[in-house]
Undergrad: 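Got a structure for you, written out below as structure tokens; questions coming shortly.
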Amino acid sequence: MPSPGRPGAHEDPAAALGVAAELLAVLHAHGQDGAVPAVSPSQMRALIAVEGAEGINLRALGAVLGSRPPSVTRLCDRLEALGLLTRSPHPSSRREVELRLTPRGRALLEERRAIRARAFSAVLARMAPEAVDALVTGLAAFREAADGLLPGGRPADTSDDPAEGAGSPGGAGPARTTARIADSA
């Protein structure tokens with residue numbers, strides 16, 4: 001229901017955002033049905049984190065994911081068994097392990113992003129152009145307002161490529177890693 005003095009504004013914007021977030025999650029999950037290999041949401045978050053901070057170690061990955069070391073190790077065991085991730089010794093510290101995506105892991109992320117983009121584009125195509133513009137403006141304002149609220153820094157990068165979502169990998173640090181994870185949820 002519109003609020004007085006704000007044409008088209010909802011009584012409870014947080015509730016409207018929650019409903020939209022649930023719909024986005026359903027659209028995202030629906031598009032993943034039948035994709036091979038099947039990965040869980042936590043595995044997907046880990047892949048995105050490694051993509052955003054190539055060479056990240058297990059401890060840092062655990063911090064980004066909010067998981068304890070034994071859970072992160074088991075998660076990486078499964079991703080490595082699927083051929084999506086490799087672990088290798090850190091060049092200067094024998095106690096650390098570096099995590100990197102395999103070509104298969106990169107291909108999986110690209111495929112999932114393409115599926116997601118098609119699902120979202122199908123909905124956007126049904127919207128009036130003015131509504132799409134308003135949505136984009138509102139989402140940009142939301143991202144700006146959320147700046148710094150997530151652990152590890154900015155919840156979204158400032159990439160000029162909207163098709164990429166959270167930006168491209170390469171040179172990414174913990175802030176971009178957190179952004180990619182936030183964008184994938």
Side-chain angles (χ1 to χ4, degrees), residues 17-56 61 64-65 67 75-87 98-144 146 150 152-185:
L17 183 59
V19 170
E22 289 170 355
L23 176 59
L24 289 170
V26 168
L27 285 171
H28 187 259
H30 180 69
Q32 307 306 316
D33 294 342
V36 176
V39 294
S40 70
S42 60
Q43 290 171 329
M44 184 62 98
R45 288 177 56 223
L47 290 172
I48 291 166
V50 171
E51 178 191 43
E54 203 63 41
I56 191 171
L61 179 60
V64 169
L65 298 176
S67 298
L75 180 68
C76 289
D77 288 343
R78 290 188 296 272
L79 291 171
E80 195 170 33
L82 289 169
L84 303 173
L85 182 80
T86 61
R87 288 184 274 199
E98 291 184 334
L99 303 171
R100 298 192 182 282
L101 293 181
T102 64
R104 184 176 183 193
R106 288 189 195 292
L108 175 86
L109 289 177
E110 288 174 20
E111 174 191 12
R112 300 297 169 92
R113 288 186 179 118
I115 291 168
R116 180 177 63 197
R118 284 192 299 272
F120 293 165
S121 291
V123 173
L124 292 170
R126 296 180 65 170
M127 294 172 62
E130 309 80 45
V132 173
D133 290 344
L135 176 63
V136 170
T137 300
L139 289 173
F142 184 82
R143 287 173 53 169
E144 186 176 319
L150 295 177
R154 189 165 167 75
D157 109 348
T158 55
S159 170
D160 291 333
D161 182 3
E164 181 59 26
S168 59
R176 182 166 293 152
T177 300
T178 304
R180 283 200 160 291
I181 293 170
D183 287 348
S184 73

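The first residue of the sequence shown is numbered 1, and numbering continues consecutively from there. On a predicted model such as this, the values are computed, not experimentally measured, just so you know.
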Undergrad: Suppose we screen for side chain to side chain contact (heavy atoms under 4.5 Å, CB included). Which residues come up paired with P37, at least two apart in sequence or across chains?
TA: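 L82, L84, R104, L108.
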
Undergrad: Tell me which donor-acceptor pairs under 3.5 Å the side chains of residues 132-140 have, and how far apart each pair is, sequence neighbours excluded?
TA:
from, atom 1, to, atom 2, distance (Å)
T137, OG1, D133, O, 3.0

Undergrad: Just verifying a value: how many Å separate Q43 CD and C76 SG, rounded to the nearest 0.5 Å?
TA: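 Rounded to the nearest 0.5 Å, the CD-SG separation comes out at 10.0 Å.
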
Undergrad: Quick one: CG on L99 to CG on L85, what's the gap to the nearest 0.5 Å?
TA: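 Between L99 CG and L85 CG, I get 5.0 Å after rounding to 0.5 Å.
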
Undergrad: By side chain to side chain donor-acceptor pair (under 3.5 Å), which residues pair with E111, not counting sequence neighbours?
TA: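 Scan of E111 (side chain to side chain donor-acceptor pair (under 3.5 Å), adjacent residues dropped) gives none.
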
Undergrad: Under a 4.0 Å threshold between the charged nitrogen and the carboxylate oxygen, would R113 count as salt-bridged to E51?
TA: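 Salt bridge: yes.
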
Undergrad: Suppose we screen for side chain to side chain donor-acceptor pair (under 3.5 Å). Which residues come up paired with T102, at least two apart in sequence or across chains?
TA: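 With sequence neighbours excluded, T102 shows a side chain to side chain donor-acceptor pair (under 3.5 Å) to no residue whatsoever.
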
Undergrad: What residues form a salt bridge (Lys or Arg N to Asp or Glu O under 4.0 Å) with R87, not counting sequence neighbours?
TA: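 Testing R87 for salt bridge (Lys or Arg N to Asp or Glu O under 4.0 Å), a comparison that skips the adjacent residues, returns D77, E80.
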
Undergrad: Out of curiosity, L24 CG to L17 CG, how far, rounded to the nearest 0.5 Å?
TA: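 Here the interatomic distance stands at 9.0 Å.
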
Undergrad: Is there a side chain to side chain contact (heavy atoms under 4.5 Å, CB included) between L23 and V123 once you walk through the steps?
TA: CA-CA 11 Å; L23 176 59; V123 173; 5.7 Å; no

Undergrad: Using 0.5 Å steps for rounding, measure from the CZ atom of R116 to the CG atom of L27.
TA: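 So the gap between those two atoms works out to 11.5 Å.
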
Undergrad: Looking at residues at least two apart in the chain, or sitting in another chain, which of them share a side chain to side chain donor-acceptor pair (under 3.5 Å) with R100?
TA: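 Partners of R100 under the side chain to side chain donor-acceptor pair (under 3.5 Å) test: E98.
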
Undergrad: Are the side chain of E54 and the backbone of L101 linked by a donor-acceptor contact shorter than 3.5 Å?
TA: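 Yes.
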
